[in-house]
Amino acid sequence: MIRKKILVTGGAGFVGSHLCERLLNEGNEVYCLDNFFTGQKQNIVHLLNNPYFELIRHDVINPYLIEVDEIYNLACPASPIHYQYNPIKTIKTSVMGAINMLGLAKRVKAKILQASTSEVYGNPLVHPQPECYWGNVNPIGERSCYDEGKRAAETLFMDYHKQNNVKIKIVRIFNTYGPRMHPNDGRVVSNFIVQALKNEDITVYGEGQQTRSFQYVDDLVEGMIKMMDSLDSFIGPINIGNPDEFTILELAEKVIKLTDSKSKIIYKPLPSDDPMMRKPDIALAKKELDWSPNVKLEEGLIKTIEYFKTII
Ligand code: NAD
Ligand code: UDP
């Protein structure tokens with residue numbers, strides 16, 4: 001067996017911790033780098049005794065040198081309330097983090113995968129969104145620090161590939177949920193589950209008619225690893241998401257039902273630039289990676305609810 005050395009930036013976060021765990025289980029040596037802005041030790045504490053796991057406290061806006069074979073670049077807050085808390089830091093993390101990690105990949109000849117996002121499509125005018133769609137993004141709005149940061153990171157990945165032959169992979173991740181989301185994360189699935197379990201009001205923004213397509217974290221991790229392991233000539237960008245689309249109101253009703261909650265739905269103002277719809281076109285992932293999601297929303301919600309019951 002070949003034990004690869006793999007760096008996961010943002011490895012103590014929600015997605016990163018699942019990815020580190022899976023890569024370790026597959027027999028690799030994993031270096032988890034994080035500044036703990038939104039990540040938590042709790043997410044990776046069960047991995048700390050593994051001799052093939054190493055935790056590095058570091059901020060990706062500063063260069064870092066390590067000999068590795070592969071890099072998964074996930075470092076970046078993903079929840080709107082967290083990435084809007086310090087927007088300048090958010091765009092620095094995406095752009096300078098990408099430059100530093102690409103520089104590292106170039107120097108040590110590692111293959112590098114970027115955790116990009118469906119937010120590169122902004123408030124889309126094409127539905128569902130294929131990878132060839134260039135998006136509809138406000139460059140100066142509340143979400144721009146994240147959306148434009150991730151778009152610039154994609155540009156940097158492409159240019160390091162074209163100019164310096166760095167082996168890159170770009171994955172556009174659609175809304176993902178599951179155990180280890182922070183209870184105060186602020187994203188819709190964790191908010192609704194926490195509110196429902198506490199029998200508090202469920203806060204639907206706007207009229208709840210905006211749609212999202214929710215992917216369970218295990219499906220995402222599978223897709224990311226398949227992408228990393230695909231032929232070097234296939235660089236993406238590639239959508240990884242679950243095309244089953246729901247309105248936010250439907251999600252609220254499902255969560256209330258599955259938690260048997262007494263919560264009532266209340267309506268709050270819709271944040272600015274909140275995309276009205278989002279659904280991935282995953283034809284490319286099916287064709288190139290033979291990947292499609294396996295976990296239905298209800299099944300994933302049940303697992304996530306079980307997790308939140310243990311922590312609140
Ligand atoms: P998360 O906030 O749980 O994880 C992000 C991790 O990055 C945290 O551990 C945080 O502490 C760390 N981090 C942030 N800034 C850093 C910095 N400057 N230096 C080092 N570490 C830093 O979010 P997540 O949902 O796990 O998202 C992981 C990645 O996937 C992000 O890049 C995000 O943009 C992308 N993504 C996630 C989703 C989703 O629905 N979960 C959707 C699209 C894209
Ligand atoms: N949302 C909501 N109530 C909440 C949190 C979010 O109605 O308590 C809505 C939000 O306005 C958006 C959708 O749910 O339309 C998804 O929000 P999230 O922050 O999870 O991710 P986004 O896809 O917007 O980045």
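- The backbone N or O of Leu113 lies less than 3.5 Å from no partner atom in the side chain of Asn73, so there is not a single donor-acceptor pair.
- Using modelled atom types and a 3.5 Å distance limit, the side chains of His82 and Gln84 yield no donor-acceptor pair.
- When the shell of 6.0 Å around CG of Asn25 is examined, it contains more than 12 heavy atoms from other residues, nucleotides or ligands.
- Put simply, the side chain of Pro124 reaches to within 4.5 Å of the side chain of Tyr133, judged on heavy atoms.
- The aromatic ring centroids of Tyr177 and Tyr216 lie less than 6.0 Å from each other.
- Here the side chain of Asp34 pairs a donor or acceptor atom with the backbone of Ala12 at under 3.5 angstrom.
- More than 12 heavy atoms of other residues, nucleotides or ligands sit less than 6.0 Å from atom CG of Asp232.
- Within a 6.0 Å sphere centred on CD1 of Ile140, heavy atoms belonging to other residues, nucleotides or ligands number 12 at most.
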Quiz prompt | Lys89/Asp59 under side chain to side chain contact (heavy atoms under 4.5 Å, CB included): CA gap, chis, key distance, verdict | solution = CA-CA 11 Å; Lys89 179 67 196 260; Asp59 192 311; 2.5 Å; yes
Practice problem: Show the numbers, then the answer: is there a salt bridge (Lys or Arg N to Asp or Glu O under 4.0 Å) between Glu26 and Arg22? | Solution: CA-CA 6 Å; Glu26 290 183 353; Arg22 168 80 186 263; 2.7 Å; yes
Exercise. Could you give me the CA-CA distance, side-chain angles and deciding distance for Val15 and Met224, then say whether side chain to side chain contact (heavy atoms under 4.5 Å, CB included) is met?
Key: CA-CA 11 Å; Val15 174; Met224 289 174 88; 4.3 Å; yes
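- Other residues, nucleotides and ligands place no more than 12 heavy atoms under 6.0 Å from the OH atom of Tyr85.
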Quiz item: Taking it one step at a time, do Leu284 and Asn239 satisfy side chain to side chain contact (heavy atoms under 4.5 Å, CB included)?
Solution: CA-CA 8 Å; Leu284 191 65; Asn239 291 338; over 6 Å; no
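- With a 6.0 Å radius and a threshold of 12 heavy atoms from other residues, nucleotides or ligands, Arg107 has its CZ atom at or below the threshold.
- When all heavy atoms of Phe308 and Met181 are compared, the pair lying nearest together is CZ-O, 3.5 Å.
- A 6.0 Å sphere centred on CD of Gln42 holds no more than 12 heavy atoms belonging to other residues, nucleotides or ligands.
- Within 6.0 Å of CG in Leu65 there are more than 12 heavy atoms belonging to other residues, nucleotides or ligands.
- Residues Ser17 and Arg180 bring a donor and an acceptor atom of their side chains to less than 3.5 Å of each other.
- Side-chain heavy atoms closer than 4.5 Å link hydrophobic residues (I, L, V, M, F, W, Y) into clusters, and following such links, possibly through other members, connects Tyr307 to Val295.
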